[in-house]
Structure formats: C-alpha cells, structure tokens
**Q** 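Sharing a structure, written as structure tokens. Questions coming.
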There are 2 protein chains.
Amino acid sequence: MTAIKESSTIQENKKYALDQCPVIYVMDKIGGYWKPIILFHLIQGDKRYSELKRAIPQVSEKMLIQNLKQLEADDLIIREAKPEVPPYVTYSLSKAGRGLQPVLEAMASWAFNDIDGNFGRRVS
Amino acid sequence: MTAIKESSTIQENKKYALDQCPVIYVMDKIGGYWKPIILFHLIQGDKRYSELKRAIPQVSEKMLIQNLKQLEADDLIIREAKPEVPPYVTYSLSKAGRGLQPVLEAMASWAFNDIDGNFGRRVS
DNA sequence: CATGATACATACTTTAGGGTAAGTACTTGT
DNA sequence: ACAAGTACTTACCCTAAAGTATGTATCATG
C-alpha cells in the first residue's frame, strides 16, 4: 500500500503530532480527500463496492479500494463478502465509524456557515 | 507557496469534492499536519510567532509561516503586526476560526474514545 | 466464444507537501 | 564589531499521496 519509509523526518513528526494533538489522530484516519466522502456516503447506509464506485465517479478504483482497506484496517468500516460468484461485497460503518458522525456533522455545519459568510469577513 | 499545477486531475477532483462534500471543504482549510495543531494552540489564546515556534518545536519555520499564511488567507486567523522594530506579530483566531472549536472538540472527543477502546474491537 | 459485470491487484508516473539550510533587515546588548 | 533575537523568505531536494493503465478470476449472457 505504497510502503512508507520509517527513517524519515515526516514520520517522526507524525508520531509526535499524534501524541500532542488528538485532532491529528483523527486526520491520520480520515485525512485525504476520499475518506471523508466515503464515510459520508456510508452514513446514508451500507453500500456495495460497485455502488460506492458509481456514487463517487471521480475516484479511481485504486484510490477507492486503497481507502476502503485503510478505513477497514482502522476499524472504521466493516467489509462483508458473500461467498457468491459474482462477488457481493458490502461496506458498512463500524461503531467507531458511526462515532464520527458528530465530527462530520460539525464540519458540515461549519462549512455551510463559512460558505454562507455567516462568520463575516467574506460578505462583510 | 509551492505553486500548484492548474491542469492536473488532482485539482479537478478537489473542486468536485468541494461541491459534493462539505467535509472536504473543511479538510481543504484545516488539512495538513500542522494547521490543526496551530489552531489548537491558538484556541488557548493569542500567540506571537516566536511563541508558536517554541510551543511547536518540531515544525520548521517554513512550514509554520506557510501554514499561518494559508490560515490567514482562509480567514481563520488574524495577523497583527505592531510597527516596532524588534517586530511584534500576534496571531489570533478569527470568528470563523473560533467557529472551528466544536469541530476540533468533536474530533478530540472521538480520538480519546477511539484510543481508550470505547468503540470496542480494539480491546475485545 | 467473446463481452460484460463483479471486486479487486499491481506496476509505473506525476504532483504536492514537507524538510533542510541558508539569507534578509533591523536593533539591542557586550 | 559581532552575536542574538525578531519575523520572515527563498532555493533545492525528497517522500508520500494520488493518477493512469493494465491484469486477475469467475460466471452469465448473447
């Protein structure tokens, strides 16, 4: 999964940041452009791999599974594969994943306020 | 500020994501490893440039101002420079910046719950 | 018998983010 | 005269994230 170099300053700093700031901990798990979108779609309900693909046409298949695998590894989503022969794989939110709903909602609310200029400065 | 290529798929996708998902809008503004840390420190109160530097020793000066400039451009923080001659520059949260507090708090709360295993799976 | 649908995997390349290190301008202290 | 503190700026390089383009296995359908 694009193996990372252990001996880089970036990784050292990441570790530090993780201890120092819980926000970084979250960013580490839902950061990147596609993860929040995927979670957003899964909040609406369980979805098959192909459903997600169609729901988010801009994401490449590589990015989609890569992010799904990472989210699964971080216990944010649950993958269930039925042993059928046109494969049938469903992704759903785990307990931890559902726990992110307030975060995503707070973000969404802030975003709309900021876009609407409710914080001033932009509309003044 | 590390000029970006307009004609890249990444940028196209960013624009799409911004429309589709408010969470991405937030990520676009407070994403990256240092921004949330900086905001975190500024929530505790206004700080001088050098105070921030000392508070976050791991961040390089380049990253620090770069992020401060971006946060300022996004109207999340306010820069105030006293026209003194050892320069005296203070950074504080704007209204929009303070509006992020619930987001950061929701994240922090989730992070602690996840670390403590309150979502299960990790302790079980 | 070849195409399409399913859910991936893998190699190869580009791009943006981040790191290192040095320099600027101006003043105070020694 | 020189170092140190202030708040930056700039140039160069490396790494990780993301994109492009393929290939895999299985079965159903035309």
Side-chain angles (χ1 to χ4, degrees), chain A residues 1-17 24 27-38 47-72 77 79-91, chain B residues 1-17 24 27-38 47-72 77 79-91:
Chain A
M1 216 159 282
T2 26
I4 60 167
K5 263 222 166 177
E6 273 234 45
S7 57
S8 77
T9 327
I10 315 181
Q11 295 312 116
E12 287 306 312
N13 281 344
K14 270 197 183 186
K15 278 178 198 164
Y16 157 78
I24 297 294
M27 288 302 202
D28 201 55
K29 289 176 178 268
I30 69 167
Y33 284 98
W34 302 115
K35 281 182 190 175
I37 304 193
I38 294 169
K47 291 219 162 38
R48 293 185 62 175
Y49 173 80
S50 52
E51 284 181 305
L52 282 170
K53 213 175 66 174
R54 273 190 296 271
I56 317 166
Q58 284 74 6
V59 74
S60 65
E61 291 195 65
K62 179 198 165 194
M63 279 299 106
L64 185 53
I65 16 137
Q66 188 173 297
N67 283 307
L68 285 171
K69 295 291 168 196
Q70 285 170 11
L71 288 169
E72 196 197 352
I77 62 172
R79 193 192 100 112
E80 274 166 308
K82 289 187 194 164
E84 292 179 3
V85 136
Y88 197 97
V89 179
T90 315
Y91 290 95
Chain B
M1 217 157 282
T2 25
I4 59 168
K5 264 223 164 173
E6 272 233 44
S7 58
S8 77
T9 327
I10 314 182
Q11 297 309 5
E12 288 306 312
N13 281 344
K14 269 197 183 185
K15 278 178 200 163
Y16 156 79
I24 297 293
M27 289 302 202
D28 201 54
K29 289 176 178 271
I30 68 167
Y33 283 100
W34 302 112
K35 282 183 189 173
I37 303 193
I38 294 169
K47 291 217 164 40
R48 294 184 63 175
Y49 172 80
S50 51
E51 284 180 305
L52 282 170
K53 213 175 67 174
R54 274 190 294 270
I56 318 166
Q58 285 74 7
V59 75
S60 66
E61 291 195 64
K62 178 197 164 194
M63 279 300 108
L64 184 54
I65 16 135
Q66 188 173 298
N67 283 307
L68 285 170
K69 297 291 169 196
Q70 286 170 9
L71 289 169
E72 196 196 353
I77 63 172
R79 193 192 100 111
E80 274 166 309
K82 288 187 195 166
E84 294 178 4
V85 135
Y88 196 98
V89 179
T90 316
Y91 290 95

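Numbers restart at 1 for each chain; the letters A, B, ... are given by sequence-line order, proteins then strands. FYI, side chains are in, hydrogens and waters are out, and symmetry mates aren't considered; it's all heavy atoms of this structure.
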**Q** B/Glu72: what forms a side-chain hydrogen bond (donor to acceptor under 3.5 Å, both in side chains) with it, not counting sequence neighbours?
**A**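 side-chain hydrogen bond (donor to acceptor under 3.5 Å, both in side chains) list for B/Glu72, sorted by chain: empty.
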**Q** I need the minimum non-hydrogen distance between A/Ala55 and A/Pro57, along with the two atoms involved.
**A**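 Scanning both residues, the minimum pair turns out to be O-CD, 3.4 Å.
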**Q** Whole-Å distance between C/dA9 C1' and A/Leu64 CG?
**A**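 Value for this atom pair: 13 Å.
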**Q** Please enumerate all protein N or O atoms sitting under 3.5 Å from an N or O of nucleotides 1-8 of chain D, with distances to 0.1 Å.
**A**
from	atom 1	to	atom 2	distance (Å)
D/dT6	O3'	B/Arg48	NH2	2.9
D/dT6	O3'	B/Pro87	O	2.8
D/dA7	OP1	B/Arg48	NE	3.1
D/dA7	OP1	B/Arg48	NH2	2.9
D/dA7	OP1	B/Pro87	O	3.4
D/dA7	OP1	B/Val89	N	3.2
D/dA7	OP2	B/Ser50	N	3.1
D/dA7	OP2	B/Ser50	OG	2.9
D/dC8	OP1	B/Arg79	NH1	2.2
D/dC8	OP2	B/Arg79	NH1	3.1
D/dC8	OP2	B/Tyr91	OH	2.9
D/dC8	N4	B/Glu61	OE1	2.8
D/dC8	N4	B/Glu61	OE2	3.3

**Q** Rounded to the Å, how far apart are A/Glu84 CD and C/dC8 P?
**A**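 One finds 14 Å between P of C/dC8 and CD of A/Glu84, rounded.
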**Q** Who pairs with B/Lys35 by side-chain contact (heavy atoms from CB on, under 4.5 Å), at least two apart in sequence or on another chain?
**A**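 B/Lys35 satisfies side-chain contact (heavy atoms from CB on, under 4.5 Å) with B/Asn67, B/Gln70, B/Leu71 only.
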**Q** Among residues at least two apart in sequence or on other chains, which ones pass side-chain contact (heavy atoms from CB on, under 4.5 Å) with A/Leu68?
**A**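 Listed in chain order: A/Ile38, A/Tyr49, A/Leu52, A/Leu64, A/Ile77, A/Tyr91.
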**Q** Rounded to the Å, how far apart are B/Lys62 NZ and D/dC12 P?
**A**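 Interatomic distance, NZ of B/Lys62 to P of D/dC12: 13 Å.
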**Q** In whole angstroms, how far is the C1' atom of C/dG17 from the CE atom of B/Met63?
**A**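 That distance rounds to 7 Å.
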**Q** Could you check how far CD of B/Gln58 sits from C1' of C/dT20, rounded to whole Å?
**A**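 Rounded to whole Å, this separation is 16 Å.
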**Q** Just the rounded figure in Å: distance from C1' of C/dG18 to CD1 of B/Ile38.
**A**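 Answer to the nearest Å: 13 Å.
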**Q** Shortest non-hydrogen contact from A/Ile65 to A/Glu61?
**A**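 Closest approach of A/Ile65 to A/Glu61: CG1-O, 2.9 Å.
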**Q** Could you give the distance from CE (A/Met27) to CD1 (B/Ile30), rounded to the nearest 0.5 Å?
**A**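 Reported value, rounded in 0.5 Å steps: 4.0 Å.
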**Q** Rounding to an integer number of Å, can you tell me how far A/Ile56 CD1 sits from D/dA18 C1'?
**A**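 Answer to the nearest Å: 15 Å.
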**Q** Specify the separation, in whole Å, of atom CG of A/Asn67 and atom P of C/dA7.
**A**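 Those two atoms, CG and P, are 17 Å apart.
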